[in-house]
2 protein chains.
Amino acid sequence: MEEDPIQPESPPTALDIVRTRSLASLVSQELEAMILSGALPAGERLNEQQLALRLGVSRGPVREAVRGLERSGLVVSVRNQGSYVRSVSATEALEIYDLRAALTGLACARLAGTATPAQLAELGALVQRMEAAWAADAATEYYAANLDFHAALLQGGGPRGQRLYEDLGNELHLFRRRALVEPQNMRESNAEHAAILAAIAAGDALAARAAGEAHIAGGKRRFQSTDASRPAALAQNAASPRRRTRRSA
Amino acid sequence: MEEDPIQPESPPTALDIVRTRSLASLVSQELEAMILSGALPAGERLNEQQLALRLGVSRGPVREAVRGLERSGLVVSVRNQGSYVRSVSATEALEIYDLRAALTGLACARLAGTATPAQLAELGALVQRMEAAWAADAATEYYAANLDFHAALLQGGGPRGQRLYEDLGNELHLFRRRALVEPQNMRESNAEHAAILAAIAAGDALAARAAGEAHIAGGKRRFQSTDASRPAALAQNAASPRRRTRRSA
DNA sequence: CTGCGGCAAACTGTTGACAGCCTGCACTTG
DNA sequence: CAAGTGCAGGCTGTCAACAGTTTGCCGCAG
């Protein structure tokens, strides 16, 4: 045996990753990270052989990955013309907020009936972490804790809804790299978090749902007031897949 | 020229489809139809070269299509082992019902504020069509009209939510080919349709939302009472991707 | 100077082929 | 007779190459 099957290796950091994940899935993961990090901005053309060369693989896996990303809404493709990082319009962004509100409300309502003490403690710790981040004016820390909080919320709602929520969040990232978290917004947002947690802890499904929806609606409002209504951002982000532009090598 | 570009051919039934759609997208469409029609039942293994041979294409487009279907939740893949039509468990099916309820409620609420007379007329016509189908005991006719009704509902909610709803509906089809529409259920279901329409026509967003959610919840209840709670169906549909089974050609 | 037509480069779409892995059967051995 | 082992077959994962199309540029005519 080349590997001892008895002792469990907790860190999957080995080349047995290669044994379980296909190249296409790894490329997909990498491309998704590139898109969400902004390395591949919205509207950017995806050159297959260039990506293949850069990632050290053939064009086959790249094409498969792109096809998957197309289905998940991060990429749009036109035959014989190429694939482009999807541009999300302002109206689409607003709709996505509504969808996320509905999903969050559902998850909160369910969580109000099924939450374990451990889950409540976890949510409470995250709220405190965000409170501390606000006090320290640590935007990135707040951002991370906020992501965790929402993930924990959705985790209680069900696996399918969780994946849906993540996908929608990714699409939103295409419009604006990161939601602007101003100090005032942080405070307001975290107050809503606390309200959600309180309703869940009280076991009040209706109130939890309303609080969850109100929180996302608040995020939508904050988003609108800072960015979306500006025509500049609108015009910039509503750009359709433009004509191919020859790259100078 | 082999084709006159002046006169607009309303039916796109030509081989210029080949000029706009890639083989991979056509294969994806075909596979999706096969899965939803039951020609490829849940748990079925997808043999790439067999599918390629059957569809008259190479394995490349088939692989790309399968990758897309994997992202949309219809297929699961295991490296070096193959792809399988996804099996949806009973609990997942119930969660999907909840998600669809939230989406439908959202669409109804928005529609209550934005519905045009034409949209209202269309919805009313569909309700009448279903009423007639119920009177004639025409299950398939009712089924089709029901699909149209919900599509029209979601269309008013936004394009993104519509696609989401369709995807979730497809996943539900994986659990049970078609929701059993018994005469009693048809009557009950269509009464809920009428309630939705009334709330939308009245412009009452809250009532419309509640009616929309109640309708899907009713469908979930009807689904549970007829099928899901039966342990047989549960065991059959919860099957995981099983070991490869050699096919006798 | 402007509009048009042809040409060449690049890129996508598709195919066929090769290597590695898993599976299942048959044989051997205790 | 049961359990383990070697072997052949099939299938997936990946790659390299070919054909078709689109695109951008250059030259030419008006």
Side-chain angles (χ1 to χ4, degrees), chain A residues 1-3 5 15-31 40 44-70 75-85 240-249, chain B residues 1-3 5 15-31 40 44-70 75-85 240-249:
Chain A
M1 308 291 186
E2 54 208 5
E3 164 182 56
L15 89 163
D16 65 347
I17 292 181
V18 183
R19 261 182 232 297
T20 48
R21 307 279 310 256
S22 74
L23 268 189
S25 73
L26 293 176
V27 170
S28 175
Q29 192 174 323
E30 190 66 24
L31 280 182
L40 293 174
E44 178 83 356
R45 179 188 157 80
L46 298 180
N47 188 318
E48 289 178 4
Q49 50 190 37
Q50 185 176 321
L51 284 172
L53 186 67
R54 178 171 173 184
L55 297 174
V57 298
S58 179
R59 278 180 52 218
V62 172
R63 283 183 64 86
E64 292 180 21
V66 168
R67 211 54 89 184
L69 264 53
E70 184 181 9
V75 162
V76 293
S77 298
V78 185
R79 181 184 164 103
N80 283 331
Q81 194 177 341
S83 303
Y84 302 82
V85 178
S240 298
R242 46 177 176 266
R243 265 2 216 179
R244 193 189 299 187
T245 320
R246 192 71 63 109
R247 191 155 292 100
S248 55
Chain B
M1 301 298 182
E2 55 210 3
E3 160 182 61
L15 89 163
D16 65 346
I17 294 180
V18 183
R19 259 182 233 299
T20 48
R21 306 280 309 258
S22 74
L23 269 189
S25 72
L26 293 177
V27 170
S28 174
Q29 192 174 323
E30 190 66 24
L31 280 182
L40 293 175
E44 177 83 356
R45 178 187 157 82
L46 299 179
N47 188 320
E48 288 179 5
Q49 50 189 35
Q50 184 176 323
L51 284 172
L53 187 67
R54 178 171 173 183
L55 297 174
V57 297
S58 179
R59 275 180 54 217
V62 172
R63 283 182 65 86
E64 292 180 22
V66 168
R67 216 49 99 194
L69 265 54
E70 183 181 10
V75 162
V76 292
S77 298
V78 185
R79 180 185 164 102
N80 282 331
Q81 192 178 342
S83 303
Y84 302 82
V85 178
S240 298
R242 45 177 178 267
R243 256 16 207 174
R244 191 190 300 188
T245 320
R246 191 71 62 111
R247 191 158 293 97
S248 55

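Within every chain, numbering begins at 1; the chains are lettered A, B, ... in the order of the sequence lines, protein sequences first and strands thereafter.
- Atom CZ of B:R21 is separated from atom P of D:dT21 by 18 Å (rounded to the nearest Å).
- Distances shown here put every side-chain N or O of B:R79 at or beyond 4.0 Å from the OP1 or OP2 atom of D:dC11.
- Under 4.0 angstrom from either OP1 or OP2 of D:dC11 there lies no side-chain N or O belonging to B:N80.
- Not a single donor-acceptor pair under 3.5 Å links the side chain of B:R63 to the backbone N or O of A:P61.
- Taking atom CD of B:E70 as the reference point, atom P of D:dT12 lies 14 Å away to the nearest angstrom.
- Although no hydrogens or angles enter the test, the distance criterion places a donor-acceptor pair under 3.5 Å between the side chain of B:R79 and the main chain of A:R21.
- Annotation: proximity of residues 53-66 of chain B to DNA chain D (heavy atom, distance under 4.0 Å) is found for B:R59, B:R63, numbered in ascending order.
- Remark: P of D:dG10 and CG of B:L46 are 20 Å apart, rounded to the nearest angstrom.
- Contact annotation: B:N47 side-chain N/O to D:dG10 OP1/OP2 distance is not under 4.0 Å.
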request  = Apply the test side-chain contact (heavy atoms from CB on, under 4.5 Å) to residues B:V66 and B:E48: give CA-CA distance (whole Å), side-chain angles for both, the deciding distance (0.1 Å), then the verdict.
outcome  = CA-CA 9 Å; B:V66 168; B:E48 288 179 5; 5.6 Å; no
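- In this structure, A:L23 atom CG and C:dG20 atom P are separated by 14 Å, rounded to whole Å.
- Look at B:R67 and B:E64 and you find no salt bridge, because none of the NZ, NE, NH1 or NH2 atoms lies under 4.0 Å from a carboxylate O.
- In this structure, A:A24 and A:A65 approach most closely via the heavy-atom pair O-CB, 3.6 Å.
- In this structure, A:R67 does not reach the C:dT12 phosphate: none of its side-chain N or O atoms is under 4.0 Å from OP1 or OP2.
- A:Q49 has a side-chain polar atom (N or O) that falls below the 4.0 Å cut-off from OP1 or OP2 of C:dC11.
- Of all the heavy atoms in B:L40 and B:E44, the pair that sits closest is CD2-CG, 4.2 Å.
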